[in-house]
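Everything quoted here is computed from the prediction, not taken from an experiment. Each chain gets a letter, A, B and so on, in the order the sequences are listed, and its residues count up from 1.
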Amino acid sequence: MAESLREARARQIDARLAELTPDPKVELDFEDAWQLLIATILAAQSTDKLVNTVTPVLFRRWPTPAALGAAAQEEVEEVVHSTGFFRNKAKAVIAASKKLAEDFGGVVPRDIDEVVTLPGVARKTANVVLGSAYGIASGVVVDTHVTRVSQRLGLTAETNAVKIERDLCALLPRDRWIGAGHRLVLHGRYVCKAKKPLCTECVLADLCPSRASDA
DNA sequence: ATCCCGAGGG
DNA sequence: CCCTCTGGAT
């Protein structure tokens, strides 16, 4: 019974956010699942604009998982580093592409349990890719933004990302998982910020146990 | 000067 | 659980 109340509240929260941003804008927009995967791996450590600068160069030179998987690490590092920074991600994108080419025929699998076997890919990245590239609701994206927002709103008491995801999945209908993840990320990034949350501008303020009383 | 993403490893 | 990676943001 208490559970249904929590579900109702979670749905209300997501509905509010959906009203605000019905169609969450995605900074990284790749139709190709492999390209989105690589971009998402890179994005974990950098800014979206920077990733959008690097990837055209990267994919022109190594257009397929097999090509990138067979690339020399120094060359990929050079491209990545010359365009921006995060040279340490070169190894990860090569390794993930290599395994994709060798074990999955160059196609990102549709099963998250298989996706997370790729080096450098865990649930967060896998959920982003499956949701955005295939429209598969494999779970709810949980990054630091979603973690913080969910905790503040009292949607979860957990600190572990896997447990938080389990809570969110239990509270929301599956057909909302992909969108809710996007919305929570954006809300955390622009409104429910770690430092100075903009509670006065927050559409969820009246539902939030953590809202700043004065801010 | 300090904090920080997300993944992997100890 | 804690630590590292790397350079940008604050």
Side-chain angles (χ1 to χ4, degrees), chain A residues 24-30 33-55 57-58 65 68-69 73-100 103-104 108-109 112-133 138-152 156-169 177-178 181-198 212 215:
Chain A
K25 191 176 290 176
V26 187
E27 288 83 355
L28 299 176
D29 192 17
F30 293 86
W34 166 67
Q35 294 189 346
L36 177 60
L37 179 73
I38 299 307
T40 305
I41 290 175
L42 294 174
Q45 159 179 162
S46 183
T47 62
D48 295 326
K49 317 99 228 164
L50 194 49
V51 172
N52 285 324
T53 304
V54 179
T55 48
V57 183
L58 208 58
L68 185 54
Q73 188 176 323
E74 316 81 58
E75 292 183 32
V76 180
E77 279 178 353
E78 186 186 335
V79 169
V80 165
H81 199 225
S82 67
T83 327
F85 342 97
F86 47 58
R87 55 157 125 29
N88 65 323
K89 283 297 178 188
K91 186 184 290 184
V93 300
I94 292 172
S97 298
K98 190 176 200 295
K99 186 175 175 75
L100 202 53
D103 297 355
F104 297 102
V108 176
I112 190 168
D113 292 326
E114 292 185 323
V115 179
V116 296
T117 65
L118 297 169
V121 181
R123 288 196 67 88
K124 186 266 177 180
T125 301
N127 277 328
V128 168
V129 173
L130 289 176
S132 298
S138 51
V140 173
V141 171
V142 176
D143 65 356
T144 54
H145 295 304
V146 177
T147 296
R148 181 179 63 254
V149 173
S150 301
Q151 290 169 341
R152 285 176 175 170
T156 184
E158 301 290 348
T159 57
N160 174 281
V162 173
K163 292 178 181 173
I164 292 171
E165 186 182 348
R166 188 187 308 142
D167 283 350
L168 294 177
C169 287
W177 288 358
I178 298 174
H182 278 312
R183 291 185 278 272
L184 290 171
V185 169
L186 295 177
H187 189 252
R189 182 178 300 172
Y190 299 115
V191 179
C192 195
K193 301 190 289 185
K195 295 288 176 66
K196 300 173 182 174
L198 308 178

Distances under 3.5 Å between nitrogen or oxygen atoms of protein and nucleotides 7-10 of chain B:
| unit_1 | atom_1 | unit_2 | atom_2 | d |
| --- | --- | --- | --- | --- |
| dA7(B) | OP1 | Thr125(A) | N | 3.1 |
| dA7(B) | OP1 | Thr125(A) | OG1 | 2.5 |
| dG8(B) | OP1 | Gly120(A) | N | 2.4 |

All side-chain hydrogen bond (donor to acceptor under 3.5 Å, both in side chains) counterparts of [X], not counting sequence neighbours:
{"X": "Asn160(A)", "answer": "none"}
{"X": "Thr125(A)", "answer": "none"}
{"X": "Arg148(A)", "answer": "His145(A)"}
{"X": "Gln73(A)", "answer": "Glu77(A)"}

Distance check needed: [N] [atom2] versus [X] [atom1], whole Å only.
{"X": "Lys195(A)", "N": "dC4(B)", "atom1": "NZ", "atom2": "P", "answer": "6 Å"}
{"X": "Lys196(A)", "N": "dC3(B)", "atom1": "NZ", "atom2": "P", "answer": "16 Å"}
{"X": "Ile38(A)", "N": "dG6(B)", "atom1": "CD1", "atom2": "P", "answer": "17 Å"}
{"X": "Leu42(A)", "N": "dG7(C)", "atom1": "CG", "atom2": "P", "answer": "14 Å"}
{"X": "Ile41(A)", "N": "dT6(C)", "atom1": "CD1", "atom2": "P", "answer": "16 Å"}
{"X": "His145(A)", "N": "dC3(B)", "atom1": "NE2", "atom2": "P", "answer": "18 Å"}
{"X": "Asn88(A)", "N": "dC3(C)", "atom1": "CG", "atom2": "P", "answer": "20 Å"}
{"X": "Asp143(A)", "N": "dG6(B)", "atom1": "CG", "atom2": "P", "answer": "4 Å"}

>> Under 4.0 Å from OP1 or OP2 of dC4(B): is there any side-chain N or O of Thr144(A) that close?
In response: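 Result: no.
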> OP1 or OP2 of dG7(C) less than 4.0 angstrom from a side-chain nitrogen or oxygen of His81(A), does that happen here?
Replying inline: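 Looking at the OP1 and OP2 atoms of dG7(C), one of them is under 4.0 Å from a side-chain N or O of His81(A).
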> Heavy-atom distance under 4.5 Å between the side chains of Arg123(A) and Ile112(A), does that happen here?
Replying inline: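 Yes - at least one pair of side-chain heavy atoms lies under 4.5 Å apart.
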>> Please enumerate all residues that pass side-chain contact (heavy atoms from CB on, under 4.5 Å) together with Gln35(A), with sequence neighbours excluded.
In response: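 Only Phe30(A), Asp32(A), Phe59(A) meet the side-chain contact (heavy atoms from CB on, under 4.5 Å) criterion with Gln35(A).
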